[in-house]
Number of protein chains: 2
Amino acid sequence: MTVIFSKKCEYGIQAVLYLAANLDGEIIPADEIARKLNIPKEFVSKILQNLTESGLVYSKKGKSGGFALAKKPSKIRLIDIVAAIDGLDIFNSCVLGFQHCSPDHPCPVHHNWGILRTNAYNMLTEETLDKFREKTLRKVRNI
Amino acid sequence: MTVIFSKKCEYGIQAVLYLAANLDGEIIPADEIARKLNIPKEFVSKILQNLTESGLVYSKKGKSGGFALAKKPSKIRLIDIVAAIDGLDIFNSCVLGFQHCSPDHPCPVHHNWGILRTNAYNMLTEETLDKFREKTLRKVRNI
DNA sequence: TCCTAATCAGATTTTTTTGTCTGATTAAAT
DNA sequence: ATTTAATCAGACAAAAAAATCTGATTAGGA
């Protein structure tokens, strides 16, 4: 199966978007996120743990605990989430898997793919969570 | 780990490019392909089996057997290989994994990602194996 | 203050992907 | 024609990813 982001990363982005849609930094339990987004409960919990270690998310243990963003939505870019979960190898390694692919010894699609890759990177870097608030709200309510 | 193509697909494309680099339809054993491309021998053999079932590759059993392209290089597009191994889901499903993503209820990055995806699809569709012959030869010899 | 219920967090299991091994097949040499 | 050596092909095993289970933690009510 071809894939852009791992399931972990997909779920992670979804969950963080959900947190961002609740402006005032409200603490939200993993259980609610899991239900609203149709993600296995303990899986989303684990992913948010990872993001907590990365400093993107804040977690509170115990009763009435949960997760919230650790920064303002305008300070979190989509690329930050991808970097924390999947890493940025995809933007540095050869799409065909050639081990010694470089500008000097390019693979057949090196140039064309490079352009696509740069566009993707720029898109993920330009987009911060605050830009998505309304879109995310609409999307989540329609699931 | 974020990934575009599965290892299987990466290896598959590499192997088919290698076959295409041998113009006259010469039959090449999996062993040689594996050595030249640094791919596990039996794995590349299995992948080429799959491609044989898909009609892209021809296989010959027994001593002095091996694999060759089943069609002229100009008739095989990169997208055909991707479709045969990984399928084309990546070009139809939501990049963030939202189950009900559509133009009516788009995910936050729906539009932007749609453009990138279309570009990628077009690139893989326009590129046929014959265009890569010299590039592949250079690449393989430098590995 | 203690107990309970709800939560996060780490360990475990299942599934998928990747890689390896053994056997069936075939062409060529004897 | 028989044997042999090299190959493809399908069954098997290991590693990685995804999902689940159990235990540690904490706030709030009795």
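Side chains included, hydrogens not; waters and symmetry mates left out as well; all remaining heavy atoms used. The sequence lines fix the lettering, A, B, ..., with proteins before strands; numbering per chain opens at 1. Predicted model, so just to flag it, every value in this text is computed and none were measured.
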Closest nucleotide among [options] to the [X] side chain:
X: B:K63; options: C:dA9, D:dA27, D:dA5; result: D:dA5
X: B:P40; options: C:dC8, C:dA6, C:dT20; result: C:dT20
X: B:K61; options: C:dT22, C:dT7, C:dT25; result: C:dT25

Starting at [atom1] of [X] and ending at [atom2] of [N], how long is that distance when rounded to a whole Å?
X: B:K8; N: D:dA15; atom1: NZ; atom2: P; answer: 19 Å
X: A:D31; N: C:dA5; atom1: CG; atom2: P; answer: 17 Å
X: A:F5; N: D:dA18; atom1: CZ; atom2: P; answer: 13 Å
X: A:D86; N: D:dA17; atom1: CG; atom2: C1'; answer: 11 Å
X: A:E10; N: D:dA17; atom1: CD; atom2: P; answer: 15 Å
X: A:F43; N: C:dT14; atom1: CZ; atom2: P; answer: 17 Å
X: B:I4; N: C:dT17; atom1: CD1; atom2: P; answer: 16 Å
X: A:K41; N: D:dT20; atom1: NZ; atom2: C1'; answer: 11 Å

Q | DNA chain C contacts among residues 48-59 of chain A, heavy-atom distance under 4.0 Å | A |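 Close to the strand are A:Q49, A:S59.
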Q. Under 3.5 Å, is there a donor-acceptor pair between the A:T128 and A:D130 side chains?
A. yes
Q: Please work out if A:G62 contacts a base, only the sugar-phosphate, or nothing of the nucleic acid, heavy-atom cut-off 4.0 Å.
A: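 Base, at least one base atom sits under 4.0 Å.
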Q | Touch class at under 4.0 angstrom, heavy-atom based, for A:K46 against every strand present | A | base
Q. Between A:Q14 (side chain) and B:L96 (backbone), is there a donor-acceptor pair under 3.5 Å?
A.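 Side chain of A:Q14 to backbone of B:L96, a donor-acceptor pair under 3.5 Å: yes, one is there.
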Q. Has B:Y11 got a side-chain N or O lying under 4.0 Å from the OP1 or OP2 atom of C:dG19?
A.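 Checking B:Y11 against C:dG19: at least one side-chain N or O falls below 4.0 Å of OP1 or OP2.
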**Q.** With A:F67 via ring pair (Phe, Tyr, Trp, His ring centres under 6.0 Å) - residues at least two apart
**A.**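 For A:F67 there are no ring pair (Phe, Tyr, Trp, His ring centres under 6.0 Å) partners, ignoring immediate neighbours.
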Q) Quick one: does NZ or CZ of A:K139 land under 6.0 Å from the six-membered ring centre of B:F98, within 45 degrees of the ring axis? A)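 Yes, a cation-pi geometry holds between A:K139 and B:F98.
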